[in-house]
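In this text, all values refer to a predicted model and were calculated from it rather than measured experimentally. Computed over heavy atoms, backbone and side chain alike; hydrogens, waters and symmetry mates excluded.
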Number of protein chains: 2
Amino acid sequence: MPDKSSYQLTRQVGYILRRANQRHLTIFADLIPTLTPTQFAALAKLCELGSVSQNELGRQTAMDAATIKGVIDRLKKRQLVTTRRDTDDQRRLFIEASQQGAELYNNTLAAARKISERTLQTLNQAERKTLLELLTKIT
Amino acid sequence: MPDKSSYQLTRQVGYILRRANQRHLTIFADLIPTLTPTQFAALAKLCELGSVSQNELGRQTAMDAATIKGVIDRLKKRQLVTTRRDTDDQRRLFIEASQQGAELYNNTLAAARKISERTLQTLNQAERKTLLELLTKIT
DNA sequence: ACAATATTGTTCGTATACAAACGGATTTTG
DNA sequence: CAAAATCCGTTTGTATACGAACAATATTGT
């Protein structure tokens with residue numbers, strides 16, 4: 001017979017993880033209202049890597065094919081990225097940050113740093129390091 | 001001039017938090033395929049609290065009014081919860097776990113414990129405690 | 001008592017997130 | 001070389017998640 005009393009929803013990793021994520025999302029929306037976290041992630045990787053195929057970009061940013069497609073579609077509609085078919089592999093769609101996209105990225109970089117800082121602001125340096133390590137470890 | 005080179009997407013809290021959450025979601029779907037994490041959370045709180053108003057349930061499970069509505073709608077469609085209008089306050093909708101809902105909750109409780117366990121399995125006891133504390137601290 | 005305010009639930013729009021299925025292109029393998 | 005397997009991007013369906021606006025109801029302040 002399972003012990004029903006000992007399960008406390010609000011102490012489970014999943015629940016706390018969701019709440020921490022919610023808090024971060026709020027901070028992100030406050031400091032970078034023009035981009036969502038995933039849009040920013042895609043743009044950041046594009047600026048870092050240059051030209052990448054859509055699915056590869058998804059892998060680099062931890063989004064599955066269906067998700068990255070939606071993200072790119074929205075960035076493209078706002079002309080923050082451009083797309084180009086690969087001539088060698090007709091399936092592949094190369095994505096690149098447009099100049100506007102690159103500018104927006106550069107202009108939001110400072111805010112992005114502030115987001116990380118503010119998310120962790122209740123922790124000291126050692127705790128921040130520990131948290132990131134432990135989170136990485138369970139991923 | 002901002003230092004562009006020092007921003008590494010994959011080392012930012014938000015990114016790591018999202019990935020950790022993804023991992024947990026996968027484990028959850030593996031061990032409890034019949035309920036989503038939020039559905040389970042709602043059901044768990046209902047079984048704990050008995051009858052609660054819809055918005056109050058949302059607060060107890062960290063979901064806003066629009067989100068909890070969708071969750072309850074789906075649980076209701078599957079007859080896992082019942083709803084009843086408050087006679088005192090005509091706006092209020094009371095939610096209650098049905099017998100089916102309570103049974104499903106009891107039957108999934110063991111799996112729910114395994115989910116938390118498996119999510120944290122790469123950490124020792126001290127690390128688990130630390131992680132939960134730090135996550136709670138930034139929430 | 002009554003006007004201002006707040007709360008409850010609903011709806012709409014936008015944006016992840018992912019499973020599943022698909023057609024087409026490429027690569028691997030027997 | 002042909003069959004099988006894989007990979008590419010796309011679409012559909014379901015489920016969070018939340019801002020914003022809304023009507024109906026309750027509560028508060030004067």
Would you say Ser98(A) and Gln79(A) are linked by a side-chain donor-acceptor pair, where the criterion is simply a distance under 3.5 Å?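 Side-chain D/A pair, Gln79(A) to Ser98(A): absent.
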Donor-acceptor contact below 3.5 Å, side chain Arg74(A) vs main chain Gly70(A):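 Such a contact is found between Arg74(A) side chain and Gly70(A) backbone.
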Without swapping roles, check the side chain of Arg92(B) against the backbone of Arg85(B) for a donor-acceptor pair under 3.5 Å.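 Flag not set: sc Arg92(B) to bb Arg85(B) has no pair under 3.5 Å.
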Would you please name every residue forming a side chain to side chain contact (heavy atoms under 4.5 Å, CB included) with Leu135(B), sequence neighbours left out?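 Expected list: Ile16(A), Leu17(A), Ala20(A), Leu131(A), Leu135(A), Leu17(B), Leu131(B), Ile138(B).
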Rounded to whole Å, please give me the gap between [atom1] in [X] and [atom2] in [N].
X	N	atom1	atom2	value
Glu56(B)	dT8(C)	CD	C1'	12 Å
Lys69(A)	dC22(C)	NZ	C1'	14 Å
Arg85(A)	dT26(C)	CZ	P	11 Å
Leu75(A)	dT14(C)	CG	C1'	14 Å
Leu25(A)	dA17(C)	CG	C1'	13 Å
Phe94(B)	dT8(C)	CZ	P	11 Å
Ile68(A)	dT16(C)	CD1	P	9 Å
Ile72(B)	dG9(C)	CD1	P	10 Å

By nearest heavy atom, map Arg74(B) and Arg91(A) onto DNA chain D; which one lands nearer the 5' end?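 Its nucleotide being nearer the 5' end, the pick is Arg91(A).
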Can a salt bridge be assigned to the pair Asp73(A) and Lys77(A) using a cut-off of 4.0 Å between side-chain N and carboxylate O?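 Looking at Asp73(A) and Lys77(A), the cut-off is not met.
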Salt bridge Glu117(A)-Arg113(A), side-chain N to carboxylate O under 4.0 Å: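 Salt bridge absent between Glu117(A) and Arg113(A).
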Students often get this wrong, so: under 4.0 angstrom with heavy atoms, is [X] touching a base, only sugar-phosphate, or nothing?
X	result
Asp88(B)	sugar-phosphate
Asp64(A)	base
Asn55(B)	base

Between Gln90(A) and Arg78(A), who's closer to the 5' end of DNA chain C by nearest nucleotide?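 It is Arg78(A) whose nearest nucleotide is closer to the 5' end.
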Of all the heavy-atom pairs spanning Lys45(B) and Gln60(B), show the shortest one and how long it is.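 Looks like CE-O, 3.6 Å.
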Linking I/L/V/M/F/W/Y whenever any side-chain heavy atoms sit under 4.5 Å apart, do Leu104(A) and Leu57(A) land together?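 Shared cluster, yes.
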May I ask you to verify if any side-chain N or O of Arg18(B) is less than 4.0 angstrom from the OP1 or OP2 atom of dA17(C)?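 For dA17(C), OP1/OP2 do have a side-chain N/O of Arg18(B) under 4.0 Å.
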Can you confirm whether more than 12 heavy atoms, excluding those of Arg78(B), are under 6.0 Å from its CZ atom?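 Yes, the 6.0 Å shell around CZ holds more than 12 heavy atoms from other groups.
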With Leu93(B), which of Ile72(B), Asn55(B), Thr83(B), Val52(B) fulfils side chain to side chain contact (heavy atoms under 4.5 Å, CB included)?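 When side chain to side chain contact (heavy atoms under 4.5 Å, CB included) is applied between Leu93(B) and each of Ile72(B), Asn55(B), Thr83(B), Val52(B), only Thr83(B) qualifies.
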Chain B contact limits on DNA chain D, taken 5' to 3' with a cut-off of 4.0 angstrom to heavy atoms: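 In short, chain B contacts DNA chain D from dA15(D) to dA26(D).
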Among residues 26-51 of chain A, which ones have heavy-atom contacts with DNA chain C below 4.0 Å?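 Output list: Thr36(A), Thr38(A), Gln39(A).
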Look at the side chain of Gln22(B) and decide which nucleotide, out of dT8(C), dA17(C), dG9(C), has an atom nearest to it.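 When the side chain of Gln22(B) is considered, dA17(C) is the closest of dT8(C), dA17(C), dG9(C).
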